[in-house]
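All values below come from the heavy atoms of this structure, side chains included, with hydrogens, waters and symmetry mates left out.
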Amino acid sequence: MSSPAMIDRYRWWEIILIYCGIAVFLFFVLAPFFEGFMVSLKPLSQLFSSPYRFWPENGSFEAYRTMWVSVPGFGRYIFNSFFISIIVTLIVLCLVIPAAYAFAKFEFKGMGILLGAFLTVNMFSGAVLLIPLFRLMRSMGVLNTYLAMIVPGVAFLIPSAIWLLRTYMIRIPQELNEAAYMDGASHFYTLRRVILPIAMPGIIVVAITTFIGAYAQQFIFALTFNSKTEYMPLPVGLFAYFGKQEVIWNELMAASFVGIAPAMVVIFFLQRYLVGGLTAGAVKQ
């Protein structure tokens, strides 16, 4: 006789409390986004009116049209952020996959020290390292180029990506490595033909988190390492809505939603891969 589902093991009032807790959590997570969308629909004159009105009076999508005029070349900012994030993600995956495989499946001298060093790197803020990074970028001759944001983005995102993917690869049974070794497979062949298909959900998770991290951390690098508009990413474009006298809040919110649309599309199409447990039944009998 099959055991009842986990949700059936709770009393009716416990189920109500669980769903109420989920509803409260979702409210606090989604409320800022919904409020931001409402702001994008309001005329600028209504944003600070008293009494405050949550639902816009005579709301429209006018801000989504005028935002392109207020900041010329805004589409270029979006493209730059998307392009930089994609390149950073691809480079990080190429470096992290073999590194995480080595840290997860092999024991070697100094492994703990290296893993601790990766965590130490994540403790430093990008602002603390701006001067040394600027000198490094200048010596490399990559100032005012895409590489000026790609290189530090890769450097700051690799440590957390290694830890995340290593944790996933540890779950993959060691018997798979041993079976491939007994069949005469090399480590590279085992990684490419055995480990990668099973670890794909974990790789997708790392890719998404890296993409989001690269998409979000470009502001300080762009202002420091770039002075040319054609290489500026989305956060710099959003900052342009902050004028000397006022902030164009409705257009800023509209531009924010338009700017995050490419990232949301990527996450939407990759979310079906965010499922674990593909290693079940993978061990040779």
Side-chain angles (χ1 to χ4, degrees), residues 67-68 70-100 118 121-122 124-165 203-242 252-271 273-274:
M67 53 167 266
W68 302 99
S70 300
V71 179
F74 187 76
R76 179 71 181 188
Y77 292 121
I78 298 177
F79 169 80
N80 289 340
S81 277
F82 190 78
F83 174 76
I84 293 170
S85 300
I86 288 292
I87 299 300
V88 168
T89 301
L90 292 177
I91 296 175
V92 168
L93 288 180
C94 291
L95 298 175
V96 162
I97 290 175
F118 291 147
V121 170
N122 279 348
F124 287 93
S125 171
V128 177
L129 302 175
L130 277 181
I131 294 179
L133 284 174
F134 179 83
R135 298 181 63 180
L136 177 63
M137 296 296 107
R138 185 176 59 182
S139 64
M140 295 172 60
V142 297
L143 292 177
N144 298 318
T145 65
Y146 286 123
L147 285 176
M149 287 171 289
I150 292 174
V151 173
V154 170
F156 278 100
L157 292 171
I158 279 180
S160 58
I162 289 179
W163 270 92
L164 183 60
L165 188 57
I203 294 174
I204 296 298
V205 172
V206 172
I208 292 176
T209 55
T210 302
F211 180 86
I212 294 175
Y215 210 80
Q217 70 171 13
Q218 299 165 354
F219 181 74
I220 191 170
F221 295 146
L223 289 183
T224 306
F225 306 141
N226 266 310
S227 59
K228 295 183 178 179
T229 305
E230 57 265 31
Y231 299 114
M232 290 297 185
L234 174 63
V236 178
L238 295 177
F239 189 71
Y241 291 98
F242 289 80
L252 175 62
M253 291 296 103
S256 299
F257 280 97
V258 173
I260 65 174
M264 296 303 296
V265 170
V266 171
I267 295 174
F268 176 79
F269 283 104
L270 294 181
Q271 65 177 344
Y273 294 101
L274 305 181

Give, for atom [atom1] of [X] and atom [atom2] of [Y], the distance between the pair rounded to the nearest 0.5 Å.
X: Thr145; Y: Lys228; atom1: OG1; atom2: NZ; value: 9.0 Å
X: Leu165; Y: Ser160; atom1: CG; atom2: OG; value: 11.0 Å
X: Ile84; Y: Thr89; atom1: CD1; atom2: OG1; value: 11.5 Å
X: Ile203; Y: Thr210; atom1: CD1; atom2: OG1; value: 11.5 Å
X: Ile86; Y: Ser81; atom1: CD1; atom2: OG; value: 11.5 Å

For residues [X] and [Y], determine if any side-chain heavy atom of one lies less than 4.5 Å from a side-chain heavy atom of the other.
X: Leu234; Y: Asn80; value: no
X: Ile78; Y: Val258; value: yes
X: Leu157; Y: Val88; value: yes
X: Leu238; Y: Phe74; value: yes

#### Entry: Steps toward ring pair (Phe, Tyr, Trp, His ring centres under 6.0 Å) verdict (Phe211, Phe82)
CA-CA 9 Å; Phe211 180 86; Phe82 190 78; 5.8 Å; yes
What's the shortest heavy-atom distance between [X] and [Y], and which atoms?
X: Arg76; Y: Glu230; value: NE-O, 3.1 Å
X: Ser227; Y: Asn144; value: N-OD1, 2.7 Å
X: Tyr215; Y: Gly259; value: OH-O, 2.6 Å
X: Met149; Y: Phe221; value: CG-CB, 4.0 Å
X: Val96; Y: Ile158; value: CG2-O, 4.0 Å
X: Tyr241; Y: Ser70; value: CE2-CB, 4.0 Å

### Query
Quick check: does any side chain N or O of Thr209 sit under 3.5 Å from a backbone N or O of Val206, one acting as donor and the other as acceptor?
yes
### Query
Between Asn226 (side chain) and Leu143 (backbone), is there a donor-acceptor pair under 3.5 Å?
no
### Query
Residues in ring pair (Phe, Tyr, Trp, His ring centres under 6.0 Å) with Tyr77, at least two apart?
none
Side-chain donor-acceptor contacts of residues 126-140 below 3.5 Å, not counting sequence neighbours, with atom names and distances?
from, atom 1, to, atom 2, distance (Å)
Ser139, OG, Arg135, O, 3.3
Ser139, OG, Leu136, O, 2.7

### Task
Compute the ring centroids of Phe242 and Phe239, then answer whether they are less than 6.0 Å apart.
yes
